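Written out below as structure tokens is the structure these notes cover.
Since we're looking at a predicted model, the values are computed, not measured. FYI, side chains are in, hydrogens and waters are out, and symmetry mates aren't considered; it's all heavy atoms of this structure.
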Amino acid sequence: PRSLGELVSGSADSVIVRWRDTSSASGAQASAEAEQSLQEEQALANALASGAVASAFRAALALRRPRALLTVLQGLPSTDAADASLRDCVRAAADDDLAFCL
């Protein structure tokens, strides 16, 4: 039984090719990726608005948004607690994320 989205073709040299339509699967994957990106953007905006430095730092790194990361760092208060929070974030970050920021 042939399903919708499949096509079988043959040629004079006895080669039979089975084609499968993957456009709906590719479209669904792109839609899911766009949804995930939108949720991460919203998490970054919420963290920036609420002053959640650690969350904003992680979200900016995950989104590969150096300008947003700069905004987080510029809004960082000059306190020992803020410095400790920043150190914890940097320690937890992956090396390639930190290299991207440079």
Worksheet item: Do Asp96 and Arg64 sit within salt-bridge range, that is, some charged N less than 4.0 Å from a carboxylate O?
Response: yes
Worksheet item: Going hydrophobic residue to hydrophobic residue with side-chain gaps under 4.5 angstrom, can you get from Leu70 over to Leu44?
Response: no
Discussion item. Is there a path of hydrophobic side-chain contacts, each under 4.5 Å between heavy atoms, that joins Val90 and Val72?
Written reply: yes
What distance separates [X] [atom1] from [Y] [atom2], expressed to the nearest 0.5 Å?
X     : Y     : atom1 : atom2 : value
Asp88 : Asp83 : CG    : CG    : 11.0 Å
Ser55 : Asn46 : OG    : CG    : 10.0 Å
Arg58 : Glu40 : CZ    : CD    : 13.0 Å

Response to the item:
Closest non-hydrogen contact found for Ala54 with Ser85 is CB-OG, 4.0 Å
Worksheet item: How far apart are the closest heavy atoms of Ala93 and Leu61, and which atoms are they?
Response: CB-CD1, 3.7 Å
Fill in: Pairwise side-chain contact, Phe57 with Leu69, heavy-atom cut-off 4.5 Å (strictly under)
yes
